Amino acid sequence: MRPLDRAALLHSAEQLTGLSLAEIAQQLGLSVPENLRRDKGWIGQLLELALGASAGSKPEQDFPELGVELKTIPVDERGKPLETTFVSVAPLTGISGLRWQDSNVRNKLSCVLWIPIIGTRQTPPGERIVGPPLWWQPTAEEEQLLRQDWEEIMELISLGQIQTLSARHGQVLQLRPKAANSKALTEAVGAQGQPIMTLPRGFYLKTGFTAALLARHFMI
DNA sequence: CCGTGATCATTA
DNA sequence: TAATGATCACGG
């Protein structure tokens, strides 16, 4: 079931366009949750299964052999994103010398197959509709924006300033909590260079950024 | 706990 | 009402 190349993956994704998530779940023999409160990752995992992505929670792309990352993104009927997009967990220790070129963020975003999922928060998951898939590779301008935000955020983290970092930093990429709850802690570096315990964080794409890239593709 | 898949729910 | 901070499930 795993696609042999990018063309096969795209073809599979195109076959899903217009289907409801309930139809896809039925084909796969899966039950559909009433809402996503306790199944926040259900849509992403449904599409991974439908498209043959490698399972697991490794910090890699979904299709390493194709160099492709798969991302579902909830959008309204006009294609506007309803949520920010999680990219990857942020490293908080041992990051001296880490360059953008070698970062997980850059690796994950180097080539993305976006699958828009049309609906609203009020739309039952099963009734949401798969939109047309689209390939995306950052333009030079987009990569520059991502790189700038990443470098600024990572520098603050390395300087022991993580406790001053909020989701307001960054133009297109932001840092936010990424944990089971507010009691989950992980090691980081404090203002005096000492080890401290803090909330795990993740990098997220802001909606303005994803809205622009989706709009660009829908116009073409 | 970590990293995957994300969205929820409260705040500004 | 959009954005920020908090949270849910799962395999390892």
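Order of the sequence lines fixes the chain letters, A, B, ..., with proteins taken first and strands second; residue numbering starts at 1 for each chain. Quick caveat: nothing in here was measured; it's all calculated off a predicted structure.
Rounded to whole angstrom, the span from the CG atom of A:Leu30 across to the C1' atom of C:dA9 amounts to 15 Å. What separates CZ of A:Arg128 from P of B:dA6 is a distance of 13 Å, to the nearest Å. In this structure, A:Met197 atom CE and B:dC2 atom P are separated by 7 Å, rounded to whole Å. Distance, A:Lys58 NZ to B:dC1 P: 23 Å, rounded to whole Å. Atom CG of A:Leu165 is separated from atom P of C:dG5 by 10 Å (rounded to the nearest Å). In this entry the distance linking CG of A:Asp39 with C1' of B:dT7 reads 11 Å, nearest Å. Between the CG atom of A:Leu47 and the P atom of B:dG5 there is a distance of 12 Å, given to the nearest Å. Rounded to an integer number of Å, the gap from A:Asp76 CG to C:dA2 C1' is 13 Å.
Note on A:Lys71 versus A:Glu48: no salt bridge recorded, every NZ/NE/NH1/NH2 to OD/OE distance being 4.0 Å or above. The pair A:Arg121-A:Glu83 counts as a salt bridge, with a side-chain nitrogen and a carboxylate oxygen less than 4.0 angstrom apart. Residues A:Glu143 and A:Arg106 are paired through a salt bridge, judged by an N-O separation under 4.0 Å between the basic side chain and the carboxylate.
Taking only side-chain nitrogens and oxygens, A:Gln174 comes nearer than 4.0 Å to OP1 or OP2 of C:dT4. In this structure, A:Arg38 reaches the C:dA9 phosphate: one of its side-chain N or O atoms is under 4.0 Å from OP1 or OP2. Under 4.0 angstrom from either OP1 or OP2 of B:dT4 there lies no side-chain N or O belonging to A:Lys40. Phosphate proximity of C:dG5 to A:Arg168: present, with a side-chain N or O under 4.0 Å from OP1 or OP2. One finds no side-chain N or O of A:Lys178 lying less than 4.0 angstrom from the OP1 or OP2 phosphate oxygen of C:dT7. The shortest distance between the side-chain N/O atoms of A:Thr84 and the OP1/OP2 oxygens of B:dA6 is not below 4.0 Å. Here A:Ser57 does not reach the OP1 or OP2 of C:dC10: none of its side-chain N or O atoms lies under 4.0 Å away.
Each of A:Gly56 and A:Arg121 was matched to the nucleotide of DNA chain B holding its nearest heavy atom; the match closer to the 5' end belongs to A:Gly56. With DNA chain C read from its 5' end, the first of the two nearest nucleotides for A:Ala180 and A:Lys80 is the one closest to A:Lys80.
Residues A:Arg201 and A:Thr186 have side chains that never bring a donor and an acceptor to within less than 3.5 angstrom of each other. Using modelled atom types and a 3.5 Å distance limit, the side chains of A:Arg99 and A:Gln101 yield no donor-acceptor pair.
In this structure, A:Leu185 reaches the sugar-phosphate backbone alone: every heavy-atom distance under 4.0 Å involves primed, P, OP1 or OP2 atoms, never a base. No engagement by A:Leu82 is indicated, since no non-hydrogen atom pair under 4.0 Å with the nucleic acid exists. Residue A:Gly41 is in base contact, counting any heavy-atom pair closer than 4.0 Å across all strands shown. Nucleic acid contact for A:Pro177: base, since at least one base atom lies under 4.0 Å from a heavy atom of the residue. Counting non-hydrogen atoms under 4.0 angstrom, A:Gln61 reaches nothing in the nucleic acid. Here A:Arg176 lies in heavy-atom contact (under 4.0 Å) with a base.
With hydrogens and angles ignored, a donor-acceptor pair closer than 3.5 Å exists between the side chain of A:Glu83 and the base of B:dC8. The base of B:dA6 sits within donor-acceptor range of the side chain of A:Tyr204, with an N or O pair under 3.5 Å.
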- Message: side-chain contact (heavy atoms from CB on, under 4.5 Å) for A:Leu113 and A:Phe63? Distances and angles first, verdict last.
- Response: CA-CA 10 Å; A:Leu113 180 64; A:Phe63 298 94; over 6 Å; no
- Message: I'd like to know whether A:Leu175 forms a side-chain contact (heavy atoms from CB on, under 4.5 Å) with A:His169, so could you lay out the CA-CA distance, the side-chain angles of the two residues, the decisive distance to 0.1 Å, and finally the verdict.
- Response: CA-CA 7 Å; A:Leu175 196 70; A:His169 285 80; over 6 Å; no
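Nearest nucleotide to the A:Arg37 side chain, out of B:dA9, C:dG5, C:dA6: B:dA9. Side-chain proximity of A:Lys108 to B:dA9, C:dG5, B:dT4: nearest is B:dT4. Nearest to the side-chain atoms of A:Ser182 among the listed nucleotides C:dT7, B:dT4, B:dC2 stands C:dT7. Distances were taken from every side-chain heavy atom of A:Thr72 (C-beta onward) to each of C:dA6, B:dA6, B:dC2; the shortest belongs to B:dA6.
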